[in-house]
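Below is one structure; the comments refer to it alone.
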Amino acid sequence: NNNTPETKMKATLAVISLALAASAVDGFSVSPPPPATITPSTTIGESLALIGYSSSLSSSEKQFLEQSALTEKSTSILLSASSTNEAAAVQLVNIVDIHYDGAVPTTEADEYVVIKNFSKQPLDVSGYVVYVFTSGTQGATFKFPQGSLIKPGSTVRIYTNEVHKETGGYSFGSGKAIWNNRGGLAVFRDDSGKKIGEYKYKAS
């Protein structure tokens, strides 16, 4: 019997994705005839009716499909919000400047990278790393020690080979210059290894 509830349900499941897509696209039409235009304001039940399936469904089956569609759309919205929040979190802290041309002869120990906390809360950057990236290779690398906090709206500096407590007291500890005066790239990653951002500079 091709008219059992199970058969009708299987037939309509294939329509759900079509109806969902149509609910987000203006001017969506279905063929073969009769043509049906589904607008963003059209409900899932109305969409099914327009493409000829609603008449063969019981009220309980239509209610089930409506609820399933709403659940799927809600999940999609939540996932989208999660992605947006994740992107925003990345921007809470980042490299904002590199003083690449130090005044100290030869070693340029006074070069430094500036990291800023853009948020309104103290930010724990323990385990975060900053490194020089040259010709596809990771160069000199600094890793923030445990307990490293950046105050709200504040910056810290990571010197090539100097320690300045007033700007955080961080240093690469390199006996030679690490930032090319002609230009280069710095990469910033969190404690899980995920890239937060990068800073490209060139000689002015």
Side-chain angles (χ1 to χ4, degrees), residues 17 20-21 24-26 40 72-204:
S17 59
L20 283 173
V25 180
D26 192 18
E72 185 171 341
K73 290 177 72 176
S74 297
T75 301
S76 177
I77 291 170
L78 287 173
L79 289 174
S80 177
S82 176
S83 298
T84 301
N85 290 337
E86 185 177 86
V90 168
Q91 300 304 318
L92 292 179
V93 60
N94 222 326
I95 300 171
V96 293
D97 192 24
I98 295 179
H99 179 68
Y100 57 85
D101 191 6
V104 176
T106 310
T107 64
E108 296 191 47
D110 55 334
E111 300 171 323
Y112 59 82
V113 183
V114 182
I115 307 291
K116 182 171 182 176
N117 174 7
F118 293 94
S119 76
K120 296 181 179 180
Q121 300 294 331
L123 189 62
D124 186 350
V125 291
S126 303
Y128 284 41
V129 297
V130 177
Y131 59 85
V132 182
F133 194 72
T134 307
S135 301
T137 303
Q138 180 174 337
T141 302
F142 171 81
K143 183 177 182 179
F144 281 96
Q146 285 299 311
S148 296
L149 292 175
I150 304 180
K151 296 178 180 179
S154 298
T155 61
V156 295
R157 294 180 181 181
I158 309 169
Y159 281 84
T160 292
N161 200 25
E162 291 185 353
V163 175
H164 296 268
K165 295 293 184 182
E166 69 276 13
T167 58
Y170 303 116
S171 174
F172 278 89
S174 174
K176 60 181 180 180
I178 61 175
W179 302 110
N180 193 316
N181 290 347
R182 291 173 296 182
L185 179 69
V187 177
F188 189 33
R189 295 184 182 273
D190 66 16
D191 55 348
S192 69
K194 180 179 180 179
K195 183 161 76 171
I196 294 176
E198 55 185 37
Y199 187 92
K200 188 175 184 179
Y201 68 94
K202 60 182 180 179
S204 55

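- Nearest heavy-atom pair across Thr107 and Thr160 is O-CG2, 4.5 Å.
- You'll find the side chain of Ile98 reaches within 4.5 Å of the side chain of Trp179, heavy atoms only.
- With contacts defined as side-chain heavy-atom distances shorter than 4.5 Å, the pair Ile115/Phe188 qualifies.
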- Message: Using ring pair (Phe, Tyr, Trp, His ring centres under 6.0 Å), reason through Phe142 and Tyr170 one step at a time and then give a plain yes or no.
- Response: CA-CA 9 Å; Phe142 171 81; Tyr170 303 116; 5.7 Å; yes
- Message: Using side-chain contact (heavy atoms from CB on, under 4.5 Å), reason through Asp97 and Tyr199 one step at a time and then give a plain yes or no.
- Response: CA-CA 8 Å; Asp97 192 24; Tyr199 187 92; 3.6 Å; yes
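- Put simply, the side chain of Ser154 does not reach to within 4.5 Å of the side chain of Asn117, judged on heavy atoms.
- Once rounded to the nearest 0.5 Å, the distance linking CD1 of Ile95 with OG1 of Thr155 reads 13.0 Å.
- Counting only heavy atoms from C-beta outward, the side chains of Ile158 and Phe172 approach each other to under 4.5 Å.
- A heavy-atom distance below 4.5 Å is found between the side chains of Asn161 and Ser171.
- Distance NZ/Lys116 to CZ/Arg157: 13.5 Å, rounded to 0.5 Å.
- Using a 4.5 Å cut-off on side-chain heavy atoms (C-beta onward), Tyr159 and Thr167 make contact.
- To the nearest 0.5 angstrom, Ser126 atom OG is 10.0 Å from Lys143 atom NZ.
- Without hydrogens or angle criteria, Asn180 side chain to Gly184 main chain gives no donor-acceptor distance under 3.5 Å.
- Two residues are said to be in side-chain contact when any heavy atoms from C-beta on lie closer than 4.5 Å; Glu111 and Ile178 meet this criterion.
- Distance alone, capped at 3.5 Å, is enough to place a donor-acceptor pair between the Asp110 side chain and the Ala103 backbone.
- Atoms CZ and CG, from Arg182 and Asp101 in turn, are 12.5 Å apart once rounded to the nearest 0.5 Å.
- With a 4.5 Å cut-off on side-chain heavy atoms, Tyr128 and Ile196 count as touching.
- Atom CD in Gln121 sits 10.0 Å away from atom CG in Leu92 (nearest 0.5 Å).
- For the side-chain contact (heavy atoms from CB on, under 4.5 Å) with Tyr131, the lone residue among Thr137, Leu185, Val113, Val187 that qualifies is Val187.
- If you check the side chains of Glu108 and Asn181, you find a donor sitting under 3.5 Å from an acceptor.
- Interatomic distance, Lys202 NZ to Tyr100 OH, rounded to the nearest 0.5 Å: 10.5 Å.
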